[in-house]
Amino acid sequence: MDIKINGKTVSIEADPEMPLLWALRDIAGLTGTKFGCGIAMCGACTVLIDGEPVRSCSTALEDVSGEVTTIEALQGDDGALHAVQEAWIEQQVAQCGYCQSGQIMSAVALLANNSTPSDADIDDAMSGNLCRCGTYPRIRAAIHTAAKKLAEA
Amino acid sequence: MGKLLRRTFLIGSAAVAGGVAVGFYMYKTPYPNPLTADAGKGESVFNPFVKIAADNSVTVIVPRAEMGQGVVTTMAALVAEELDIELAEVKTEFAPAANVYYNRAMLEEGAPFQVFDNSFIAEMTRDIQGVVAKFLAMQATGGSSSTVDAFDRMRTSGAAARAMLIAAAADKWQVAAASLKTENGKVVDPALGRSIAYGDLVAAAATQQVPETVTLKDPADWRYLGKSQPRLDMVAKVTGKARFGVDVRLPDMLFATVRMNPRQGAKMTGIDASAAEKIPGVVKVVNLDTGYAVVADNTWTAFKAADLVKPQWAKAPYPETTEAIFASIDAALKAGGGFNMRNDGDAPDVIAAGTGKAISARYTAPYLAHATMEPMNATAQWTGGKLTVWSGNQAPTSIVTQAASVFGLYASDVTVHSTYLGGGFGRRFETDFSMLAARVAKETGGKPVQVTWTREEDMRHDMYRPGAICEAAAVVDGQGVPSVVFRTASQSPIASTFGRLAGAITPPGNDKTVVDGLWDQPYALANYRVTGIPVDLDIPVGFWRAVGHSHNPFFHESFMDEIAHSSGQDPLEMRLKLMQPYPAAVAAVQAVKDMSGWGTPLPAEDVKSRGRGVAFCLSFGTWVAQVVQVADTEDGIRIEKVWCAADFGTALDPKNLEAQMMSGIIFGLSSAMGQEITFADGAVEQGNFDSYDAMRMNQTPEIQVRVLQTSGKMGGAGEPGTPPSLPALANAIFAATGKRIRQLPLSKEITFA
Ligand code: FES
Ligand code: FES
């Protein structure tokens with residue numbers, strides 16, 4: 001099966017029912033996307049498919065039709081970080097860090113559709129992403145920071 | 001024997017005149033330095049915590065688990081401060097499992113004395129516990145102790161390395177060491193205006209005599225400590241590059257999962273694996289006696305095949321339902337007995353005499369799972385009879401001891417590589433996930449195998465926060481001062497945990513993990529009794545963020561609120577009055593009073609009502625007061641704001657401490673709002689975040705934290721944010737609605753928006 005991941009076409013030998021998450025982690029070697037629940041309840045596995053946030057634990061390979069973007073592709077080839085990543089660093093968001101790939105991918109998708117999200121917009125877009133370390137207050141601040149950075153860019 | 005002598009005798013790391021003893025953990029240590037230099041990189045090892053390479057790069061060895069609390073950055077800052085180097089350029093490595101990295105502060109905190117009790121016996125016992133920690137040599141992360149333990153040790157490591165670099169430069173230039181200084185990675189000779197980089201000195205410096213004492217910097221001269229530092233692990237954690245246990249990848253690695261008897265601890269009496277074995281990609285099904293593992297070429301295939309195995313499970317070794325379990329706890333409470341952990345004055349007699357306003361209440365708290373974001377997992381490999389384990393864990397030396405005992409190995413045959421932890425909260429103090437990986441790896445012909453648990457497996461095989469029942473009674477005198485009795489019954493986390501650990505010795509004295517949060521609070525009451533009743537049940541229980549301080553403060557601080565309201569006192573002012581002899585407590589309560597506008601009217605035109613609740617808890621050496629504000633809305637209770645004032649004694653990194661407080665508060669509120677582990681047919685009923693959820697972004701209140709530094713003794717940060725959050729919420733709900741909820745989770749009686 002050929003899947004476009006992070007700008008490259010990757011050929012994956014696997015059961016078409018395998019969730020994208022496990023193909024990324026165990027076959028394609030992209031471990032930045034995390035396993036948290038397996039039932040679309042935590043958001044740790046969030047990736048973008050054609051720019052839309054998707055829970056990769058609950059998306060079978062056979063249902064992947066667009067281009068997949070994972071956390072590994074946010075950083076430019078020149079090493080430059082995405083504005084959302086920079087905002088995360090500025091606000092010192094991550095604690096254990098395990099949920100953060102998913103949080104960041106959800107935030108990237110939010111900001112791509114809404115350049116000035118309100119707190120209510122952030123609630124809507126981010127409440128599917130659990131963080132057991134409780135980094136929510138700083139995630140909220142970082143999304144506002146990222147929105148400003150993107151507006152200035 | 002004076003304190004100094006005694007400490008020197010027992011511990012050997014005490015302050016001595018003119019400086020800090022470098023300590024026997026460094027040069028007189030009976031524990032060998034486990035680090036070896038990487039000659040290829042021109043590295044020199046100065047001590048178990050510091051390596052410097054010819055290219056000037058400095059590596060700090062982090063002896064504790066990084067599970068989110070920021071310990072990597074703080075450890076590096078402690079060394080960088082004294083070594084005089086650029087913090088942002090420090091490299092860090094997690095320590096190998098080795099006795100030299102033992103955690104003294106953790107067991108010290110476990111001693112049965114109140115933090116504010118500095119009497120001879122308390123000091124003495126803390127020292128003995130420290131010695132126990134050393135003999136047990138537990139390299140563990142727990143008890144919010146990492147920074148407390150590291151404060152002198154890491155600074156001394158940096159200072160000792162710096163002194164050796166100066167000595168090497170002095171030799172080279174043939175000048176007196178005292179005439180030289182350091183400046184950001186260089187030794188400088190101000191007299192002649194010359195300088196030399198550390199990297200050019202390392203070979204000569206590492207063979208210098210380790211100084212017997214060093215003088216640590218005056219805190220007034222600190223460059224990093226006391227100031228917020230960017231976390232060294234932040235970039236890795238926002239780019240997906242941080243490597244957690246589940247991200248370990250090795251050549252030829254297999255992937256597996258386990259399914260253990262959901263009646264925890266009981267046997268598997270039969271297994272039919274035929275359907276699973278037919279799945280393409282399945283390597284084998286392994287019988288583990290109390291469960292099984294499926295080994296495959298990827299994790300998902302292992303998960304899928306594991307569902308197809310038909311096991312037969314033996315019955316649970318404990319009562320099969322939540323009702324029966326709590327009936328056992330209740331029976332223990334009714335039977336009386338137990339131990340008095342605090343027994344000031346004559347509280348039962350005063351209450352029996354009944355002169356004054358009498359009140360009583362009964363509270364309950366459920367079993368709770370840790371539900372770390374990263375499900376339990378570990379990777380293991382056997383080569384030539386030697387075991388290597390890769391895991392995110394809080395206790396590397398326990399893995400070594402346990403593996404040595406289970407598999408009949410020498411400790412030197414076990415290697416542990418610690419990764420980042422996707423949350424710990426006490427769960428990764430346990431060795432079970434590492435041991436299971438080691439057992440599965442025995443069956444893979446020398447190939448490494450990563451064993452990942454499903455979320456359901458993780459939730460159903462935890463070492464839970466024990467369920468508890470507390471009965472409280474009081475009479476309040478004419479001055480509004482109560483005489484109180486608390487009787488609390490639960491399983492003991494420490495007895496359960498240490499019962500699972502090979503070679504572990506339960507600390508001497510009464511079982512503080514049963515009564516913590518009730519007996520150790522800074523209220524000056526003449527008549528104050530706290531009785532702990534350990535309940536003997538075989539449900540695995542363990543250390544859950546704040547341990548006894550996770551539920552007992554809910555009992556204590558809810559009851560204090562009830563006492564205040566029933567005697568017509570303002571609950572915050574009553575605390576200020578009763579805490580008078582403890583300035584750090586008063587400072588924290590006064591701070592949240594100011595921050596929250598306590599006492600000012602709360603407009604409520606847009607909602608049914610609003611209310612504020614206050615609570616206080618001293619835990620792990622940190623004095624924390626919180627005020628929670630809630631609104632009663634059409635959709636239920638909304639937690640709007642939380643104010644938190646925490647006195648850490650010394651605050652090394654204020655922004656990180658703020659994060660830890662927020663984290664602890666959200667963790668505590670999450671449990672209060674809806675978490676509960678229940679049992680049916682001997683098995684845990686909850687399996688995933690659909691039945692055991694936590695606070696989400698849309699429910700998260702605005703949180704303000706004030707960091708105080710008045711107590712004079714450094715406290716921990718990972719846990720103390722949690723304890724007051726639950727009672728402050730319950731008290732706020734009472735203030736807003738008039739409804740007193742005495743059971744957790746509060747969602748049993750009220751809906752949250
Ligand atoms: S792992 Fe996909 S949502 Fe939790
Ligand atoms: S940072 Fe630990 S779960 Fe979010």
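Just so it is clear: chains get the letters A, B, ... in the order the sequence lines come, proteins before strands, and each one is counted from 1. Below, all heavy atoms of this structure are taken into account, side chains as well, without hydrogens, waters or symmetry copies.
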Margin query: For B/Phe425 and A/Cys133: C-alpha separation, side-chain torsions, deciding distance, then whether side-chain contact (heavy atoms from CB on, under 4.5 Å) applies.
Written below: CA-CA 9 Å; B/Phe425 314 129; A/Cys133 298; 4.3 Å; yes
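- Interface summary for chain A: among B/Asn656, B/Val238, B/Thr452, the most heavy-atom pairs under 4.5 angstrom belong to B/Val238.
- Residue contact with chain A, scored on non-hydrogen atoms closer than 4.5 Å, is absent for B/Ser228.
- Side chains of A/Ile89 and B/Arg231 form no contact here, defined as non-hydrogen atoms less than 4.5 Å apart.
- Interface residue B/Phe244: only side-chain heavy atoms are found under 4.5 Å from chain A.
- Across every non-hydrogen atom of B/Ile666 and A/Pro137, the tightest pair is CD1-CD, 3.8 Å.
- When all heavy atoms of B/Thr239 and A/Leu81 are compared, the closest pair comes out as CG2-CD2, 3.6 Å.
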Next item on the list: Applying side-chain contact (heavy atoms from CB on, under 4.5 Å), run through B/Gln69 and A/Gln95 and close with a yes or a no.
Entry: CA-CA 6 Å; B/Gln69 79 281 41; A/Gln95 291 189 26; over 6 Å; no
Item checked: Trace of the side-chain contact (heavy atoms from CB on, under 4.5 Å) decision for B/Glu658 with A/Arg138 -> CA-CA 11 Å; B/Glu658 176 197 65; A/Arg138 289 191 182 176; 2.6 Å; yes
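- For the pairing with A/Asp26, the side chain to side chain donor-acceptor pair (under 3.5 Å) check across B/Asn298, B/Thr299, B/Thr301 returns one residue only, B/Thr299.
- In this structure, the side chains of A/Ile122 and B/Asn698 stay at 4.5 Å or more apart for every pair of heavy atoms.
- The heavy-atom pair separating B/Thr454 from A/Phe35 by the smallest distance is CA-CZ, 4.1 Å.
- Interface remark: B/Ala371 contributes backbone and side-chain atoms alike to the contact with chain A (heavy atom separation under 4.5 Å).
- Considering CE of B/Met459 and SG of A/Cys37, their distance stands at 10.0 Å, rounded to 0.5 Å.
- Heavy-atom distances place no part of A/Val84 under 4.5 Å from chain B, backbone and side chain included.
- Surrounding CG of A/Asp2 are more than 12 heavy atoms belonging to other residues, nucleotides or ligands, all under 6.0 Å away.
- A salt bridge between A/Arg132 and B/Glu374 is absent, with no side-chain N of the basic residue lying under 4.0 Å from a carboxylate O of the acidic one.
- Ranked by heavy-atom pairs under 4.5 Å with chain B, the list A/Cys131, A/Pro19, A/Ala44 is led by A/Pro19.
- Within the 4.5 angstrom heavy-atom criterion, no atom of B/Asp297 approaches chain A.
- Most heavy-atom pairs under 4.5 Å with chain A, from the set B/Ile665, B/Asn688, B/Asp693, B/Thr372: that is B/Asn688.
- Between chain B and the options A/Gly32, A/Ser127, A/Gly97, heavy-atom pairs under 4.5 Å are most frequent for A/Ser127.
- For the pair A/Thr135 and B/Met662, the minimum side-chain heavy-atom distance is 4.5 Å or more.
- Residue A/Leu21: no heavy atom, backbone or side chain, is found under 4.5 Å from chain B.
- With a threshold of 4.5 angstrom between heavy atoms, A/Glu17 approaches chain B through its backbone and through its side chain.
- Proximity to chain A is limited to the backbone of B/Leu421, based on heavy atoms less than 4.5 angstrom apart.
- When heavy atoms are compared at a cutoff of 4.5 Å, B/Glu457 does not approach chain A at all.
- Ranked by heavy-atom pairs under 4.5 Å with chain B, the first of A/Gln103, A/Gln92, A/Gln100, A/Met41 is A/Gln92.
- Heavy-atom distances place the side chain of B/Lys304, and not its backbone, under 4.5 Å from chain A.
- With a 4.5 angstrom heavy-atom cutoff, B/Ala242 touches chain A only via backbone atoms.
- Taking chain B as the reference chain and counting heavy-atom pairs below 4.5 Å, the highest number among A/Ile104, A/Thr70, A/Leu74, A/Ile39 is found for A/Ile39.
- B/Asp635 meets the salt bridge (charged side-chain N to carboxylate O under 4.0 Å, His left out) test with no other residue; sequence neighbours excluded.
- B/Thr700 contributes atom OG1, which lies 11.0 Å from atom CG of A/Asp119 (distance to the nearest 0.5 angstrom).
- The minimum heavy-atom distance linking A/Gly36 with B/Phe689 is given by the pair O-CE1, 4.0 Å.
- Nearest heavy-atom pair across B/Gly240 and A/Ser101 is CA-OG, 3.9 Å.
- Below 4.5 Å, heavy atoms of chain A meet heavy atoms from B/Arg249, B/Phe255, all part of residues 249-257 of chain B.
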Item checked: Evaluation steps, side-chain contact (heavy atoms from CB on, under 4.5 Å), between B/Met697 and A/Asn129 -> CA-CA 8 Å; B/Met697 177 66 89; A/Asn129 287 82; over 6 Å; no
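- In this structure, the separation between CG on B/Asp690 and SG on A/Cys42 is 11.5 Å, given to the nearest 0.5 Å.
- With respect to A/Asp123 and B/Arg696, no salt bridge is recorded, no charged nitrogen being found less than 4.0 Å from a carboxylate O.
- Side-chain contact between B/Pro375 and A/Tyr98: present, with at least one pair of heavy atoms (C-beta onward) separated by less than 4.5 Å.
- Counting heavy-atom pairs closer than 4.5 Å to chain A, the top residue among B/Gly687, B/Gly422, B/Gly70, B/Ser663 is B/Ser663.
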Checklist line | Derivation and outcome, side chain to side chain donor-acceptor pair (under 3.5 Å), residues A/Gln85 and B/Lys237 | finding: CA-CA 9 Å; A/Gln85 291 170 311; B/Lys237 288 178 173 177; over 6 Å; no
